[in-house]
Structure formats: C-alpha cells, structure tokens
Amino acid sequence: MEMISITLPDGSVKKHEKGSTVYDITKDISKGLAREAVGAVVNEDIRGMQEEVNEDSTFRVVKFEDKEGKEIFWHTSAHIMALAVQNLFPDVKFAIGPAIDNGFYYDFDTEHRFTPKDLEKIEDEMKRIAKEAHVLERFTMERDEALEYFKERDEKYKVDLIENFPEDEEISFYKLGEFTDLCAGPHLYDTKKVKAIKLLSIAGAYWRGDENNEMLQRIYGTTYEKKKDLEEYLHRLEEAEKRDHRKLGRELDLFSMQEEGPGFPFFHPKGMIVRNELEDYWKEEHRKRGYDEIKTPLILNEKLWHESGHWDHYKENMYLTKIDDEDYAIKPMNCPGSILVYKSKLHSYRDLPLRWGELGLVHRHELSGALHGLMRVRSFTQDDAHLYTLPSQIKDELVKTIELADDMYKVFGFKYHIELSTRPENSMGSEEQWEMATNGLIEALEEKEIDYIVNEGDGAFYGPKIDFQLEDAIGRTWQCGTIQLDFQMPERFDISYVDKDNERKRPVMIHRTIFGSMERFMGILIEHYAGKFPVWLAPVQATILPISDKFNDYAYELQKKLKDKGIRVEVDSRSEKVGYKIREARLQRVPYILVIGEKEIENNLVSVNKRDHGDQGQMKTEEFVDMVLEEIKNKRQ
RNA sequence: GCCCACAUAGCUCAGUAGGUAGAGUACUUGCAUGGUAAGCAAGAGGUCACCGGUUCAAUUCCGGUUGUGGGCUCCA
C-alpha cells in the first residue's frame, strides 16, 4: 500500500493511502501553505507550499456543496454519533452508519430503548466531541486479525460484515477517539468542521434490511458546517410539511381517511372534481392515441387467479370471498379481466395492436405499517391499459407508451426518473423470455435516449418493467407510471391471433399505467401544487364575494351566469367583511376571487383578485369568462 | 407484519400530582352592511379512541385492541 504524506502547516505529517480521499485540502497561497481541510483524493506528497497542485497531479478538492463532500461530511457525522452513543450507552453494539440523501443514520443494538430525551443527550455529546477536534485515524488489518478484533468485542454485526467481504481483502478501520469502526472511508480530517448538529428521529430497522433478522434501533440525524444552513434545512422540512397531501386533503376538503376503513380512502365532492377532471383528461388523451376502454368486474372466481399465477405469487395481498359456496377473489390487478375480454372472440393479426384502457379499481392487502395517506392505500384505481401486440410491434408500442407518459407528465410540470426492474426470484417463465422482454424495454429506452437506474430483481412476477418515479413534497419518490412487458399471461391463458399464414400465434402483452393510481397521483399532485391546482383542476375556480348582504341576489345571478359557461363558481354570502372572505378564499387556494359591490353591478364588471397575484382591478364579466375558459382549455401552467 | 411514539370538541392544541374537562378556530344565532388576508356578542358542541384491570373513584395508572405518525420490509 503506497502512502502519501501531507505536511501540515504546523509541521506535523499526516499519512494517507494513495488515491484515498481526505476531506478538504485547501491551499492557502497567501500564507504559502497547503493545509488539510476539505476533501481531496491524494495522489502525491504535499508539503508546505504546493502551488502547482491541481486536479490531475495531486488532489481533487471536494467541498461540502458537492455530493461527495456531503457524503464524507455525513459519514463522519455518523461516526461522531456512534462515539457519542458509545460514551452514553456503553453496552451498545454497532451495525452500520452510512450517509444518506439529507444526512446520516447509524443502526444500534442495545437493550436500552432510545427516547427523544436521549436524542438531546446524544446531540449534546456529539457537539462536545466535534468541538474537541478529534482527528480520524485510518489503519488496516488483515482479515483474520480484524475478525478477531470484533469477536473479542462481541460486535456480531461487524463480524457478519467482514465474513461477507471477499477473502483476500485487507480491512480498513477508522478510529475516532475511543470509537473504532470497520469502515472504508473516506472521512473528514477531523471533527471540528461539524458545527451544526441535529438528530431527527428514532426508527426501527432490520439488520441487513431483512425482516427475518433482528430489529435494530436507527437514529437519523443531519449536520452542517454552519448553523444557518441547518436552520435553513429544518425550515425547508417545515415548509414541506405544510404541503403534505394529508393535511391539505383535510383543509381543502378533498378526501378523508376513516378508522372504519384503514387504507380505503373516502373522496369528498371537491376531491371528486379533481379526480374526474384527471380521468376526463386521461380518457381524452387515450382516445387520441388509439385506445379503447373496457371495464371488468371487481370480483372473479378463484380459479381465474390460479390460472393467472396470482394465486401462487400474490395470494398474501388478495382479499377473498365466497359466493354460493364457491371461492372468489377481489381483483388485485386488472390483467386477467382484460384477457378474458380478449379471449371472448377470435382476433386477426390485422386487429393488432389492441390497446385497451381500464380505470380499474383494485384491492390489495398492504401491510398496515405501509399505509400512507393517498400514496399507499388498499383500494385504488389504476389507470391501467393492456396492449396486445405482434412481436414485431413491441418496440414501437413501448416507445409510444413512453412518449405518452412523458407528454402527460409535462402537463403537470413533473420531473421524474425512470427505473428498470429485472427478473425477481419468485417469478414465472424461462430465462430466454425474460431476457427478450428485458432487452425490449432497454431498446425502447435507448431509442428515446433516456437515462435509467436498474433495480435488479425488482420486476413483476410475470415480466420486467420500467417505472416512472415522481417526487413528493419532501423528496420521497413514488412509483407512478409503469410499463411491463409480459410473455407469461398470454401463454398461461393461451391467447392467440390468427396470422397471415392462417396459423394461430401468441400475441405479446404490455401492461402499463401512466398515473399509476388515481389515488397516488392525486396525492403527488396535491403536494406538487401545494394545493394550488391549475384552473382546469381547481375544485372551485372562482369565488364571488359580495361586499354586503345587499348584493347577495346579484351574486347568485352572476354565479348562474358563470356556471352556465362551465365555470365552477361559489358565492360566499356570509355576513362577513370582504377582508375576512378574501382570507377564507385564499386559504382554499381558489384561483380567482370576484369582489362585487355597487360599482361592479352598475357596469356589469367584476373586480378580479388572482391567486398569487392579488388585486387585478376590474374587467367586464364577459372578458373574465373568456379569460378563464381560455385558461381551462390550455391546461398547462 | 416489525420497532418506536402518539390518540382530549369538526380542526389545532392545553389540562387533570386519580375526584367525569378547557382555549383558539370552525359551526348556529343576534348586532354591525362593509372595498381586497381575521368586526362585536351570545349559544351549541366531548361516554377524554375502544375493551379490560387496579382503586371508594380512571380521561389521568397498568394491560390489551384499534387507528394514526416516523422508519424497516413490501409496493401503483
């Protein structure tokens, strides 16, 4: 192992493995010194003044602002937390403690149950440690030696980790005060840069993420170089909470969850307006692109689910029932229903591709702990469609579907990323079929020149898939659209078309959704807009506020007039001052507020107050109508 | 399902060292009739999630159930 020495301003020499990253080497040319500070890959000795140091020759400076810099910073923070926990709770055993998107966590195993009070104590201890500016020391051991080291200390998780490392690898350690951890690094040079510390929550987590393993206690936290940055981050979290779809769903009276139906959402009148607008848009867009629509039953005979493979692969998630002593199941997916429609008659190759959409209500028994507002429910409507294609049409249809998804997301201004999921362990079909299907998806993605992440083993049991991941208010991503290529169902159900040569052949099936589910999509949409729906989706598009009771009659006349034009209008005729009513309408995120009094009535005017823009002055009623209708037509905002 | 926490008025929350509860807001009524983010007053509203236990007495303490929140696992 080649070591590099860095001579620090005080003359002390620090050794690093060649190519390893140390956090922050900055050159202070004014003092003629190179000193070790924030994050660098070291490739040659640095001593005193090293002005010629640059990207290729010696080191790369990594700053907190860089992704890599944050990782290093938070990784060291995790070690600081571990040391603090060790100081306060000496019996603790350590699992793993990585950096994550907005901070870090460490998994601990201890009899003691951490409480929020403990978090404060740990936080204080961390601050103390950080201030002491401990230097992190890296060293290595042979595998056997390392195993012995952790066995002696009864650190079974570390032992487990090392045992799963490749045989001949040398094991690296980082020592921070009294805490020595198995760790690949890199780390900060010392702890003094960690100035702002906040521990956020305690959670359970399985060792190695496997539910058959023991449950550890995980502490999440985040740290920054400056107090101000931490405060900003916490402020952002608070702001995000304000747009939580569960909170807005209640405040805007869109939907509710009831104890009587955990995971089964109730849609209120206003929520139904949004939902129906979305569905209308969906239907229109699909009609344009050559889709037809079908509707299949919610409850179907159990035999069907045996045939489809759901019984073997999905039974735990299915709700079962009995009719006339026969076993039935409530559908968890729409595909078997669609296939029965396909099978109801003979198809010619000339008919393909068939594109059948179905807004299909499915029920799935999700684990109680997994439920989350509208994002994860037990009954939801998929904006499903099944395409029956000739093998030669697959790629073209996949490309068209990707385009459809992209076009529709654009209307809402969504950013998304795509993930490709490959064959899972418990799945049907031959290796060859899976390879063909997976390659089909990859080809389509490559044709569109789209970047994607690969999730090995995450596909559906009948085929690989690409997923469209959309973000919620706090950056959690949710799978919405999905495109799944399926060679299995057609075979299982023995569906066919009659080809040119009069032979019966097997079509290929594409399962796909764009919104994913109406429920989840609405949840994301509420957070995306923070409740401020664009006019075409807004449950109430305008509220009429008469200045005094005297003008109520006129207000209702005006409401009727606007309603007849197709605008969703409410009248706030309560005996309150304008200011009060404006406030209410603002809180409801109504796009347009129309104030009317004597002046407006006399001249057929409305005083328009626009959401986020305030008082717009007066305009002719007809002018207002045209403006709103135009905005509805254009959808995009 | 697992770990931890929580559950009081429609909503947001206070409270009771064990003696059946309170604010703000929303709601109803009355006064006020108003010009761009909260007028004034009164009234109504609660088996303190549910089931057990301890106790003379439980919303409060203990156990369980259900639900919710944050994670883990799983997923549209």
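Naming convention: chains lettered A, B, ... in sequence-line order (proteins, then strands); numbering from 1 in each chain. Note that the structure is a prediction, hence the values are computed from the model and not measured.
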Which whole number of Å gives the distance between the C1' atom of B/rU60 and that of B/rG22?
15 Å
When rounded to the nearest 0.5 Å, the distance separating CD1 of A/I526 from CZ of A/R589 is 10.5 Å
Could you check which of B/rU73, B/rU33, B/rG35 has an atom nearest any side-chain atom of A/K599?
B/rG35
Taking the minimum atom-to-atom distance to the side chain of A/S607, which one of B/rC75, B/rU36, B/rU33 wins?
B/rU36
Tested for ring-ring contact (aromatic ring centres under 6.0 Å, His included) against A/W478, the lone hit among A/H372, A/H528, A/H417, A/H245 is A/H372
Flag for A/H365-A/N317: side-chain donor and acceptor within less than 3.5 Å:
no
For A/R113 and B/rC4, is the shortest distance between a side-chain N/O and OP1 or OP2 below 4.0 Å?
yes
For B/rA26 versus B/rC11, give the span between their P atoms, rounded off to a whole number of Å.
15 Å
How long is the line joining CG of A/L200 and C1' of B/rC4, in whole Å?
15 Å
Where does the angle between the aromatic ring planes of A/F94 and A/Y106 fall among parallel (under 30°), tilted (30 to 60°) and perpendicular (over 60°)?
perpendicular
Write out a two-atom table: protein N or O, nucleotide N or O from nucleotides 27-31 of chain B, distance below 3.5 Å.
residue	atom	partner	partner atom	Å
B/rC27	OP1	A/R574	NH1	3.0

Where the side chain of A/K577 is concerned, which of B/rG34, B/rG35, B/rU36 is the nearest nucleotide?
B/rG34
When the distance from NE2 of A/H613 to P of B/rA37 is rounded to whole Å, what number comes out?
16 Å
For A/F380 and B/rA76, say yes or no: do the ring centres fall under 5.5 Å of each other while the ring planes differ by less than 30°?
yes
With the side chain of A/Y206 defined as its heavy atoms from C-beta on, choose the nearest nucleotide among B/rU36, B/rA32, B/rG1.
B/rG1
What I want to check is whether the side chains of A/Y592 and A/N609 have a donor and an acceptor closer together than 3.5 Å.
no
By nearest nucleotide on RNA chain B, pick out whichever of A/L216 and A/T513 is the more 5' one.
A/L216
Which part of the nucleic acid, if any, lies within reach of A/R218 when heavy atoms closer than 4.0 Å are counted: base, sugar-phosphate only, or nothing?
sugar-phosphate
Side chain of A/E211 - closest among B/rU33, B/rU73, B/rA76
B/rU73
Determine, for A/F267 and A/R275, whether the Lys NZ or Arg CZ falls below 6.0 Å from the six-membered ring centre while staying within 45 degrees of the axis.
yes
Of the candidates B/rG70, B/rU66, B/rG34, the side chain of A/V578 sits closest to B/rG34
Is A/G369 touching bases, backbone alone, or none of the nucleic acid, heavy atoms closer than 4.0 Å?
base
Heavy-atom pair of closest approach, residues A/A585 and A/I593
CB-CD1, 3.6 Å
Identify which nucleotide among B/rG67, B/rU36, B/rG34 has an atom closest to any side-chain atom of A/E259, counting heavy atoms from C-beta outward.
B/rG67
